[in-house]
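Have a look at the structure below, then the notes.
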Protein chains: 2
Amino acid sequence: MLFCPTAFHGSEVTAMSDGSSDPSGSRDLTALFDTVEFPDAFRITYLGNAIINPVYDAIKRDFGLIRPEYTVLACLSHYPELTAQDVATISRQPRNTISRAVHRTLAEGYIERAPDPEDGRQARLRITPAGRALHKKAAAYMAARQEEVLAGLDAGERRTLGALLRKAAQYAAALRE
Amino acid sequence: MLFCPTAFHGSEVTAMSDGSSDPSGSRDLTALFDTVEFPDAFRITYLGNAIINPVYDAIKRDFGLIRPEYTVLACLSHYPELTAQDVATISRQPRNTISRAVHRTLAEGYIERAPDPEDGRQARLRITPAGRALHKKAAAYMAARQEEVLAGLDAGERRTLGALLRKAAQYAAALRE
DNA sequence: GACATATTGTTCCAAATGGAACAACATTGG
DNA sequence: CCAATGTTGTTCCATTTGGAACAATATGTC
């Protein structure tokens with residue numbers, strides 16, 4: 001999962017800036033937000049974790065899919081056909097992780113696999129209607145949580161953030177070190 | 001690790017919008033950026049992963065610290081004294097993960113532990129000079145990578161992004177569901 | 001064709017992860 | 001004081017993770 005220097009998985013941070021009895025000196029556990037040496041990276045990962053971790057928990061709870069399995073569905077729901085290697089490349093996950101996820105989603109009937117007639121090494125993967133329906137529900141979870149976490153911004157700020165993220169992500173994707 | 005719906009760990013995405021020979025239809029593997037149902041969450045996690053994953057790899061390679069171990073150092077370098085539970089709360093990681101990390105960083109001499117005279121259950125943790133020196137180097141890695149990944153924005157955009165992230169993260173931290 | 005090299009998907013294995021239960025200590029209410 | 005309940009840090013264990021090696025297939029070079 002996304003992890004910050006201090007690996008925020010969810011979102012709660014105890015705020016106790018009320019000057020209450022505090023035996024060990026400074027105890028506002030949110031101080032890291034402002035004192036850390038890389039506040040932008042910190043906040044980006046914090047927000048990312050706040051969005052995706054509860055959603056992945058819910059996807060596992062409600063649909064029985066773990067992260068790489070949903071990864072397969074999410075990729076296949078936006079391309080008519082992909083190989084396992086394609087999914088690994090898109091998602092930047094190891095091939096063996098994707099291989100396992102493909103087997104499980106295949107067994108559950110969420111995707112289907114056909115040998116590639118032009119290349120005996122690879123197989124062409126497609127999402128099934130059941131898989132697409134599941135992805136639709138899961139994507140709604142994610143979209144809803146995205147709104148929830150970013151609700152502190154007003155409409156204009158929200159648009160600005162979106163535009164900046166778009167530009168930054170496009171640049172980052174081209175970095176390809 | 002931070003994981004997007006499609007779990008971007010690093011940052012490279014193959015761009016091939018050159019209309020080259022493409023047997024299986026649409027093959028621009030960056031399409032997800034624009035077609036995914038939650039583009040903001042997607043880009044936030046993408047950027048987060050692009051920053052932190054290479055850095056954690058480098059921290060492991062150069063200093064032999066894994067993520068939770070660096071988490072302990074990062075937390076302790078911003079507070080004079082914390083308990084293991086404090087670190088777990090701040091970092092939102094399981095207590096057993098932090099417990100292990102405390103043992104290892106203790107053994108390496110990066111932190112020190114003293115029993116709490118007022119509460120026999122807990123121990124007070126402090127960072128040592130060696131730990132602080134290590135954190136300083138690691139934090140420089142993170143800050144440098146942050147700049148690298150966000151270099152697609154100009155100074156003004158960068159400031160705006162920082163302000164929006166600050167506001168959004170503050171709100172998200174207060175969500176505490 | 002023959003051989004070296006690359007790629008796909010898989011299995012193996014060592015490490016990391018996190019939920020659950022646990023002992024030790026603390027707190028509360030009688 | 002005593003019992004019930006809560007908290008801290010730890011251990012246990014099942015699951016997840018990802019690097020490495022592997023067989024099967026493909027490509028390139030001679």
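Hydrogens, waters and symmetry mates are skipped; everything else that's a heavy atom, side chains included, is used.
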May I have the step-by-step check of salt bridge (charged side-chain N to carboxylate O under 4.0 Å, His left out) for A/Asp34 and B/Arg166, ending in yes or no? CA-CA 9 Å; A/Asp34 294 311; B/Arg166 183 184 171 85; 3.0 Å; yes
Ring pair (Phe, Tyr, Trp, His ring centres under 6.0 Å) between A/Tyr110 and A/Phe63: does it pass, once the steps are laid out? CA-CA 11 Å; A/Tyr110 296 132; A/Phe63 309 125; 8.8 Å; no
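As rounded to whole Å, 13 Å separates atom P of D/dG9 from atom CG of B/Leu106. One atom, NE2 of B/His103, and another, C1' of D/dT11, lie 10 Å apart when rounded to the nearest Å. Going from atom CZ of A/Arg124 over to atom C1' of C/dG9 covers 16 Å, rounded to whole Å. As a whole-Å value, the separation of B/Tyr56 OH from C/dA15 P is 21 Å. Atom-to-atom, CD1 of A/Ile66 to C1' of C/dG18 comes out at 14 Å; the value is rounded to the nearest Å. If you measure from atom CZ of A/Arg100 to atom P of D/dG18, you get 8 Å, rounded to the nearest angstrom. As a whole-Å value, the separation of B/Leu65 CG from C/dA16 P is 12 Å. The distance from atom CZ of B/Arg61 to atom P of D/dG19 is 14 Å, rounded to the nearest whole Å.
Minimum atom distance to the side chain of A/Pro94 is reached by D/dG18, of the listed D/dG18, D/dT16, C/dA16. Closest contact between the side chain of B/Arg121 and the listed nucleotides D/dT16, D/dA24, C/dA24 involves C/dA24. When the nucleotides C/dC25, D/dG18, C/dG19 are ranked by their closest atom to the side chain of A/Asn96, D/dG18 comes out on top. Nearest nucleotide to the B/Gln85 side chain, out of D/dT8, C/dT17, C/dT7: D/dT8.
Residues that satisfy the side-chain contact (heavy atoms from CB on, under 4.5 Å) test with A/Ala139, not counting sequence neighbours, are A/Tyr70, A/His135, B/Glu37, B/Phe38.
At D/dG18, one or more side-chain N or O atoms of A/Thr97 fall inside 4.0 Å of OP1 or OP2 (strictly under the cut-off). Side-chain nitrogen and oxygen atoms of A/Thr83 include none within less than 4.0 Å of the OP1 or OP2 phosphate oxygen of C/dT8. Residue B/Arg113 places none of its side-chain N or O atoms closer than 4.0 Å to OP1 or OP2 of D/dT8.
Fit an axis to the five pairs at each end of the helix from C/dG1-D/dC30 to C/dG30-D/dC1 and the two axes sit 20° apart, to the nearest 10 degrees.
Mapping B/Gln122 and A/Asp119 onto DNA chain D via the closest heavy atom, the residue that lands nearer the 5' end is B/Gln122.
Rounding to the nearest 0.5 Å gives a distance of 10.5 Å between OG1 of A/Thr83 and CD1 of A/Ile98.
In terms of hydrophobic clustering, with Ile, Leu, Val, Met, Phe, Trp and Tyr side chains grouped at heavy-atom distances under 4.5 Å, A/Tyr56 and A/Ile66 are assigned to different clusters.
Other residues, nucleotides and ligands contribute more than 12 heavy atoms inside 6.0 Å of the CD atom of B/Glu157. For A/Glu112, the CD atom is densely surrounded, since the number of other residues' heavy atoms within 6.0 Å is greater than 12.
Contact of A/Arg95 with C/dG9 (side chain to base): a donor-acceptor pair of N or O atoms is detected under 3.5 Å.
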